[in-house]
Amino acid sequence: MIHRLVLWNIDLTLVDVAKVIRPAFAEAFKSVTGRRLVQLPQMAGRTEREFFFDAMARNGVSLAVGDDSERFVSPFSSEFASALAARRDQLVVEGLLLPGAAEALATVSQADGVVQSVLTGSSRPNAAVKLRAFRLDRYVDMTVGGFAGSDPYPKGALLELARQRAEERYKTRFSGKATVYIADSPRDVHAAKIADAYSVAVASGRSTSAELRASGADTVIGDLTDIPALLGIIESPV
């Protein structure tokens, strides 16, 4: 019987594909806005929507008073997904599967009563491309989860949405600590707190272990090679 939902962040938790994301983003940005991307905003820990709007501000894409900036979002999302999909072979060549990621996903997938999915700042198509490139998609249920590039919610609300999707699919409750969110930034820790989920913070991104502890993470680990510690958390009584 399924009793635990494990949600994984993707970028800088499982993989680092920034070298491929940047040119794909620049191509989609120019296609949608007509402006060349000169200043690229910080991407770590942010959703695709957030760094797209930041990029517009930084690169002189002005909006008339009363204009709806949201009209750019859908075309950009589509163009970005196409640009990244066209570079799927580069993801493995120029990207990096982070230490322990594949082994951790594989091991957790064998744990009794656990379903795995993702909670990510990427859109659903982009999340799928990244996971497939490293053959991680076989370990997660992509029909549930949360995709901030596709679902217009902050991550705290998105985590709750992912939980609801999983509850509907698996006909069980994942309330409170029955949901575990594994990610690499303080913003992700805060999202877990908002949704009353258990947060495992991995110091594989831009934040140090000390910063992750200070943000209130329930558990902090250096990387995903510490699989026994991870399993201990996931298999502990709810």
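No experiment lies behind these values; they were computed from the predicted model shown.
Distance check, rounded to the nearest 0.5 Å: OG of Ser82 to CZ of Arg87 gives 11.0 Å. Within the model, atoms CD of Glu48 and CZ of Phe51 stand 5.0 Å from one another, a figure rounded to the nearest 0.5 Å. Taken from CD in Glu160 to CD in Gln164, the straight-line distance is 5.0 Å, to the nearest 0.5 Å. Between Asp54 atom CG and Arg49 atom CZ the span is 14.0 Å, to the nearest 0.5 Å. With rounding to the nearest 0.5 angstrom, the NE2 atom of His190 is 12.5 Å from the NZ atom of Lys155. Taking CG of Leu212 as the reference point, atom OG1 of Thr219 lies at 11.5 Å (rounded to 0.5 Å).
Checking side-chain atoms of Tyr181 against main-chain N and O of Leu119 turns up a donor-acceptor pair under 3.5 Å. For Glu94 (side chain) and Leu91 (main-chain N/O), no donor-acceptor pair under 3.5 Å exists by modelled atom type. Between the Arg124 side chain and the Phe147 main chain, no donor and acceptor come within less than 3.5 Å of each other. Side chain of Ser31 to main chain of Ala28: no donor-acceptor pair is present (N/O by atom type, distance under 3.5 Å, no hydrogens or angles). Proximity of a side-chain donor or acceptor of Asn59 to a complementary backbone N or O of Gln39 within less than 3.5 Å is detected. Judged by distance alone, the side chain of Thr179 and the main-chain N or O of Phe174 form a donor-acceptor pair under 3.5 Å. Judged by distance alone, with hydrogens and angles left aside, the side-chain atoms of Gln116 form a donor-acceptor pair with the main-chain N or O of Leu105 at under 3.5 Å. Within the 3.5 Å criterion, the main-chain N or O of Ala55 finds no donor-acceptor partner in the side chain of Arg58. A donor-acceptor contact shorter than 3.5 Å links the side chain of Ser204 to the backbone of Leu12. Within the 3.5 Å criterion, the main-chain N or O of Ser74 finds no donor-acceptor partner in the side chain of Ser77.
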Hey, mind stepping through Thr172 and His3 against side chain to side chain contact (heavy atoms under 4.5 Å, CB included) and telling me if it holds? CA-CA 7 Å; Thr172 190; His3 62 84; 5.7 Å; no

Audit row: Ser199, Asp218, side chain to side chain donor-acceptor pair (under 3.5 Å) steps and yes/no: CA-CA 5 Å; Ser199 60; Asp218 293 304; 3.3 Å; yes

Run the numbers on Trp8 and Thr120 for side chain to side chain contact (heavy atoms under 4.5 Å, CB included), then give the verdict. CA-CA 7 Å; Trp8 296 84; Thr120 173; over 6 Å; no

Begin from the C-alpha positions of Phe52 and Phe80 and carry the test ring pair (Phe, Tyr, Trp, His ring centres under 6.0 Å) through to its verdict. CA-CA 10 Å; Phe52 174 59; Phe80 190 20; 9.2 Å; no

After noting the C-alpha distance and the side-chain angles of Leu5 and Val180, does the key distance pass the side chain to side chain contact (heavy atoms under 4.5 Å, CB included) rule? CA-CA 6 Å; Leu5 172 65; Val180 177; over 6 Å; no

Start with the C-alpha gap between Ile182 and Val202, add the side-chain angles, then the distance that decides, and say whether side chain to side chain contact (heavy atoms under 4.5 Å, CB included) holds. CA-CA 7 Å; Ile182 305 171; Val202 189; 3.7 Å; yes

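Taking both residues in full, the closest heavy atoms of Val17 and Gly95 are given as CG1-CA, 4.2 Å, listed atom of the first, atom of the second, then distance. When all heavy atoms are compared, the tightest approach of Leu7 to Ala162 is CD1-CB, 4.1 Å. For the pair Ala148 and Leu158, the tightest heavy-atom approach, listed with the atom from each and the gap, is N-CD2, 3.4 Å. The nearest pair of heavy atoms linking Val189 to Ala201 is CG2-CB, 4.1 Å. The heavy-atom pair separating Ser175 from Glu167 by the smallest distance is N-OE2, 4.0 Å. Nearest heavy-atom pair, Leu159 versus Ala197, reported as atom, atom and distance to 0.1 Å: CD2-CB, 4.0 Å.
The closest side-chain donor-acceptor pair between Ser185 and Arg206, if any, does not fall under 3.5 angstrom. Asn126 and Ser122 share no side-chain donor-acceptor pair at under 3.5 Å. Between Asp184 and Thr13, the side chains place a donor N or O and an acceptor N or O closer than 3.5 Å (distance only, hydrogens not considered).
With ring centers used as reference points, Phe76 lies 6.0 Å or more from Phe29.
Side chains of Ile234 and Val6 form a contact here, defined as non-hydrogen atoms less than 4.5 Å apart. Between Leu14 and Leu136, the closest side-chain pair of non-hydrogen atoms falls below 4.5 Å. Side-chain contact check for Val15 versus Leu96: every heavy-atom pair is 4.5 Å or farther apart.
By the rule that hydrophobic residues join a cluster once side-chain heavy atoms approach within less than 4.5 Å of another member, Val114 and Tyr139 end up as members of one cluster. Cluster annotation: Val144 and Val140 are assigned to distinct hydrophobic clusters (Ile/Leu/Val/Met/Phe/Trp/Tyr, side-chain heavy-atom contacts under 4.5 Å, transitive). Under a hydrophobic-cluster definition in which Ile, Leu, Val, Met, Phe, Trp and Tyr are linked whenever side-chain heavy atoms come within less than 4.5 Å, directly or via other members, Val92 and Leu98 are assigned to different clusters. Using a 4.5 Å cut-off between side-chain heavy atoms of Ile, Leu, Val, Met, Phe, Trp and Tyr, with links allowed through other members, Val108 and Tyr198 fall into the same hydrophobic cluster. Clustering ILVMFWY residues whenever any of their side-chain heavy atoms sit less than 4.5 angstrom apart, transitively, puts Val61 in the very cluster that holds Phe25.
Around atom CZ of Arg132, no more than 12 heavy atoms belonging to other residues, nucleotides or ligands sit under 6.0 Å away. Residue Arg36 qualifies as open at atom CZ: its count of foreign heavy atoms under 6.0 Å is 12 or below.
A salt bridge does not link Arg22 with Glu27: every distance from a Lys NZ or Arg NE/NH1/NH2 to an Asp or Glu carboxylate oxygen is 4.0 Å or more. We find that Lys130 and Asp11 are joined by a salt bridge, their nearest charged nitrogen and carboxylate oxygen being less than 4.0 Å apart. In this structure, Arg163 does not pair ionically with Glu168, as no charged nitrogen and carboxylate oxygen lie closer than 4.0 Å.
Every residue two or more places apart in sequence or in another chain that forms a side-chain contact (heavy atoms from CB on, under 4.5 Å) with Ile227 is listed here: Glu103, Ala104, Thr107, Leu231.
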